[in-house]
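We name chains A, B, ... by the order of the sequence lines, and we start the count at 1 in each one.
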Protein chains: 2
Amino acid sequence: MKNDKKKPADLSAQIAAQIRDAIVSGALIVDERLPSEAELSEQFSVSRPTVREALKRLAAQSLIRTQRGATGGAFVNRLSFEDAYPQQITTSTLLLSMNAVSFDTACEARYALERACAPLAAGRRSADHLATMRAEIHRQGQPGLTDEAFCASDVAFHRALVDAAGNPVLSYQLAGAVEAMQPLMNMITFTARDRAQIIARHTGIADALEEGNAVRADAELDALASYTAELAKDLLAKRPKASR
Amino acid sequence: MKNDKKKPADLSAQIAAQIRDAIVSGALIVDERLPSEAELSEQFSVSRPTVREALKRLAAQSLIRTQRGATGGAFVNRLSFEDAYPQQITTSTLLLSMNAVSFDTACEARYALERACAPLAAGRRSADHLATMRAEIHRQGQPGLTDEAFCASDVAFHRALVDAAGNPVLSYQLAGAVEAMQPLMNMITFTARDRAQIIARHTGIADALEEGNAVRADAELDALASYTAELAKDLLAKRPKASR
DNA sequence: CATTTTTCATTTGTCTTACATTTTAATGTC
DNA sequence: GACATTAAAATGTAAGACAAATGAAAAATG
């Protein structure tokens, strides 16, 4: 075996880890100001560029924000769902594209998660969410839509479905799963018949949510999942390389 | 309104964004070497420290790794699920603790997601996963266990449940939701009767998975979710501050 | 010739110093 | 008192230097 896990990290990584721990543990609270870069470099006995590299690492994770000027400095950031979304999506997308995750696996995860949302959404969907879903369904039915645009609309529809569950934690978790699927979905060439089938399922889901029918919503989602799996199977039969 | 979204970012943030885009879009592929810091600083017409700050940002997201020496440099990293786990957990934990997410909301999300895994786990659970779950159940029954240790074992049990679904994408997404709950769960003081109830549900879940009974697994999870919600309600009645 | 050792060039890691820019607060003037 | 000016503090950026690591080429050795 190697050193197992002990390779002394860079100074900037060590410092970043220390500050990160302080934030996670609650020793540093939201909106609290960190010492200035000059003070930090003294405390840690390193140069200012090294401190700055550490701070940039934390900024990349939205853990801190910096402000210039006399009362400026680095402040502990209130990590918002809004901030976390894009990172989550980037990470999920790369995980899928870099790890040869099969279309089936990604699809299975996505629909499993969405079906978890369906019963909640049936009970809580707002008029706003329904309107968004209807609008996307309408867009999906327009002729001349490219496959990419169709997939983008598909993502928007499913995000509205997830958001309809009214649980920000779920929305955050699923944003990654749903958005990261798009590059994979884009590989599919949708025939007019494919689109009609998908739109029928989407309509069924929207109808089910509108009438607060969790059972039907689940059934419609199940049908959509099966149909998507079928499309993927056809795709692999014709272009076996596409899964890699 | 403000400038909406247009505040010119730091140079290091701009450069990091450009390189990140190149990675996400596939223009830079896994294990490809980036130009040296000196070359990058020329290309972007900035100083080397600025380039380094940009690279550290990317390193913080595990998008690149750096190596010293003659053939060293910055390389596009193959983002692994293993790398992404800790970040996902850190982010989820902070999201919950910094956004006053109620225990109910977090709990609802967690159980909704786990119930999505249950049917898959019923079909695929390995002997290994079952053994882990049984071991954690046994640990939970030992007297003298602190509440923290009980919660930690609870997390381990639920992670085994999620992993039993055999879908790495699901495991990744749920790791955040499950682990991030622990600080919230730790606020609960479990009586002996509470623990017995929870252990009974855990045993029921393990039994259901062992016999491949998805319906029963779902029912047991539902019962556990209800019981947890009840505990939380009692908690709030006694210590109303605990939800903030 | 084969093998080992040495040297060396390349690249990241870190430090030092300096200056530019931004922002607030204090100061001074009318 | 209101407004313009100045000063101070902090981050953002630049430039140059040296240390340390690393692999490859060159040299020495048997």
Ring geometry between B/Tyr111 and B/His158 (parallel below 30°, tilted from 30 to 60°, perpendicular above 60°): perpendicular

Is it the case that A/Asn167 and B/Glu108 place a side-chain donor and acceptor less than 3.5 Å from each other? yes

Side-chain contact test, heavy atoms from C-beta onward, threshold under 4.5 Å: evaluate it for A/Ile19 versus A/Leu34 and give yes or no. yes

Suppose the criterion is ring pair (Phe, Tyr, Trp, His ring centres under 6.0 Å): which pairs have a residue in residues 36-95 of chain B, not counting sequence neighbours? none

Charged N to carboxylate O under 4.0 angstrom, B/Glu53 versus B/Arg57? no

Looking only at side chains, do B/His129 and B/Arg124 share a donor and an acceptor under 3.5 Å apart? no

Between CZ of B/Arg65 and C1' of D/dT22 the distance, given in whole Å, is 15 Å

For nucleotides 9-15 of chain D, just jot down a letter per nucleotide in 5' to 3' order: B, S or -, based on protein non-hydrogen atoms under 4.0 Å. BSBBBBB

Can you find a side-chain donor-acceptor pair between A/Gln88 and B/Gln87 that sits under 3.5 Å? no

Between protein and nucleotides 3-7 of chain D, what N or O pairs are separated by less than 3.5 Å?
none

If only atom types and distance count, is the side chain of A/Ser92 paired as donor or acceptor with the main-chain N or O of A/Ile89 below 3.5 Å? no

Distance, rounded to the nearest Å, where A/Gln14 contributes CD and C/dG13 contributes C1': 12 Å

